[in-house]
Amino acid sequence: MNGLKKNILKKSRCVIFGAAKIQNYEQIKKNLLPDDFFVFCDGGLVHSKELKIEPDLIVGDFDSFEKPDTNSETIVLPCEKDDTDSFFAVKEAFGRGFRNFMLAGMTGGRFDHSMVNVSALIWLFERKCSAFVLDDFSKMQIVGKNPVFVNKNCRYFSIIPVCGKVKGLNILGAKYPLKNGKVSPEYIYTTSNEVLPEQTAQVSVKKGFVLLVEIFSE
């Protein structure tokens, strides 16, 4: 474990791959950093081959992918457990000291697994971590009191309340601005907004938090 800790000190971010399909691997490659620590979860190992990345850690119960014969550290999980493989991987990486995360191969396919992986973003946000989910179409992250700037190159962005009623939602620099707004899961009107030309949109929330979804393509 001491060797692992020394290795982590050189790697500032943990990238975790789930088993959801990835069609646009170039989008993933553009967001990788030279010092990333790579974790592959069970069926997510297929992405290791496509990206030609050697795992730093493999996690899974291997119900969807054959356990590989590898020198990479591997944690074998029981099939019957509370956490999904990907959520276990998030907790394991947090326990090893990581506070910066990128999650890929986490959305699409089974809706329930996608929602669990969004909940992992909330789990990390509540522990003051920086984290986002990246897929073929979008980037997702949790936004609270600290303003988050929206990528000016995204086609649209949407705000989704994932913790009940939200108060003090501010959206600046957007086609549909909002000041001190309220939004709840019962009525989500903050979808498909756009960054204004020559401006930088930003989102913040005074009470609660929201899921910011930046859409790159459809």
Side-chain angles (χ1 to χ4, degrees), residues 4 7-8 11 13-33 35-96 98-125 127 129-142 160 162 211-218:
L4 284 172
N7 195 28
I8 287 173
K11 297 175 181 289
R13 187 178 69 170
C14 181
V15 178
I16 303 177
F17 287 91
K21 288 184 179 180
I22 298 175
Q23 295 178 330
N24 186 359
Y25 282 105
E26 291 304 313
Q27 175 82 340
I28 300 297
K29 291 177 181 178
K30 287 190 298 184
N31 284 272
L32 297 180
L33 302 175
D35 61 347
D36 282 335
F37 183 89
F38 295 105
V39 182
F40 289 86
C41 304
D42 205 334
L45 281 163
V46 68
H47 306 312
S48 172
K49 295 181 179 180
E50 293 291 339
L51 292 165
K52 295 180 174 58
I53 293 174
E54 186 69 24
D56 292 297
L57 175 64
I58 298 170
V59 171
D61 54 23
F62 301 103
D63 62 349
S64 59
F65 198 90
E66 184 178 354
K67 182 177 177 294
D69 182 12
T70 176
N71 292 325
S72 299
E73 182 189 4
T74 302
I75 298 176
V76 180
L77 302 174
C79 290
E80 296 182 358
K81 56 188 182 299
D82 292 332
D83 291 332
T84 61
D85 294 341
S86 57
F87 211 120
F88 178 93
V90 167
K91 291 182 175 180
E92 178 68 18
F94 178 84
R96 295 187 183 204
F98 286 102
R99 297 297 181 268
N100 191 4
F101 292 81
M102 170 179 149
L103 311 180
M106 297 287 182
T107 52
R110 283 182 55 174
F111 180 74
D112 53 346
H113 277 273
S114 296
M115 289 301 294
V116 168
N117 292 327
V118 169
S119 76
L121 284 181
I122 299 172
W123 190 92
L124 289 168
F125 174 81
R127 287 156 181 79
C129 294
S130 173
F132 65 93
V133 168
L134 187 69
D135 61 26
D136 291 330
F137 307 100
S138 64
K139 174 183 178 181
M140 291 171 273
Q141 60 185 311
I142 300 296
I160 302 174
V162 288
L211 180 69
L212 168 63
V213 184
E214 299 174 62
I215 308 298
F216 303 125
S217 61
E218 291 184 315

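The model shown is predicted, which means the values in this text are computed figures rather than measured ones. Numbers here simply count residues along the sequence, with the first being 1.
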Engineer: How long is the gap from CD1 on Ile53 to OG on Ser48, to the nearest 0.5 Å?
Structural biologist: 7.0 Å
Engineer: Checking the side chain of Asn24 only, and the main-chain atoms of Asp136 only, is there a donor and an acceptor separated by less than 3.5 Å?
Structural biologist: no
Engineer: Is the closest side-chain heavy-atom distance between Val162 and Ile142 below 4.5 Å?
Structural biologist: yes
Engineer: If you measure from CZ on Phe87 to OG on Ser119, what distance do you get to the nearest 0.5 Å?
Structural biologist: 4.5 Å
Engineer: Of all residues at least two apart in sequence or in a different chain, which pass the ring pair (Phe, Tyr, Trp, His ring centres under 6.0 Å) check with Phe88?
Structural biologist: none
Engineer: Check whether any side-chain heavy atom of Glu214 sits under 4.5 Å from a side-chain heavy atom of Gln141, and report yes or no.
Structural biologist: yes
Engineer: Could you tell me if the side chain of Thr84 sits less than 4.5 Å from the side chain of His113, heavy atoms only?
Structural biologist: yes
Engineer: Are Arg13 and Phe37 in a cation-pi setup, meaning NZ or CZ lies under 6.0 angstrom from the ring centre and within 45 degrees of the ring axis?
Structural biologist: no
Engineer: Mind checking what makes ring pair (Phe, Tyr, Trp, His ring centres under 6.0 Å) contact with Phe17, not counting sequence neighbours?
Structural biologist: Phe40
Engineer: Would a distance-only check, ignoring hydrogens and angles, find a side-chain to backbone donor-acceptor pair under 3.5 Å from Asp36 to Cys14?
Structural biologist: no
Engineer: Phe132: what forms a ring pair (Phe, Tyr, Trp, His ring centres under 6.0 Å) with it, not counting sequence neighbours?
Structural biologist: none
Engineer: Compare all side-chain heavy atoms of Met102 with those of Leu33 and state whether any distance is below 4.5 angstrom.
Structural biologist: no
Engineer: Could you check if a side-chain atom of Val39 sits within less than 4.5 angstrom of a side-chain atom of Phe101, using non-hydrogen atoms only?
Structural biologist: no
Engineer: Looking at His47 and Ala20, would you say the former's side chain and the latter's main chain have a donor-acceptor pair under 3.5 Å?
Structural biologist: yes
Engineer: With no hydrogens and no angle check, is any side-chain donor or acceptor of Asp61 less than 3.5 Å from a backbone partner on Leu77?
Structural biologist: no
Engineer: Taking atom CG as the centre, does Asn71 end up with more than 12 heavy-atom neighbours from other residues, nucleotides or ligands that are less than 6.0 angstrom away?
Structural biologist: no
Engineer: Tell me, do Ile160 and Met140 make a side-chain contact under 4.5 Å, heavy atoms counted?
Structural biologist: no
Engineer: Could you tell me the separation between the CZ atom of Phe94 and the SG atom of Cys129, rounded to the nearest 0.5 Å?
Structural biologist: 5.0 Å
Engineer: Could you tell me whether Lys30 and Glu26 make a salt bridge, using a distance below 4.0 angstrom between a side-chain N and a carboxylate O?
Structural biologist: no
Engineer: I want to check something: taking the side chain as every heavy atom from C-beta on, are Phe38 and Glu54 in contact at a cut-off of under 4.5 Å?
Structural biologist: no
Engineer: Determine yes or no for a side-chain-to-main-chain donor-acceptor pair under 3.5 angstrom, with Thr107 supplying the side chain and Ser114 the backbone.
Structural biologist: no
Engineer: Hey, is the main chain of Gly18 close enough, under 3.5 Å, to the side chain of Ser86 for a donor-acceptor pair?
Structural biologist: no
Engineer: For the pair Asn117 (side chain) and Met106 (backbone), establish whether a donor and an acceptor sit closer than 3.5 Å, ignoring hydrogens and angles.
Structural biologist: yes
Engineer: How many angstroms lie between atom CD of Gln23 and atom CG of Asp135, to the nearest 0.5 angstrom?
Structural biologist: 10.5 Å
Engineer: Could you check whether any side-chain heavy atom of Phe125 comes within less than 4.5 Å of a side-chain heavy atom of Leu211, counting everything from C-beta outward?
Structural biologist: no
Engineer: With a 6.0 Å cut-off (strictly less than), is the heavy-atom count around NZ of Lys81, excluding the residue itself, greater than 12?
Structural biologist: yes
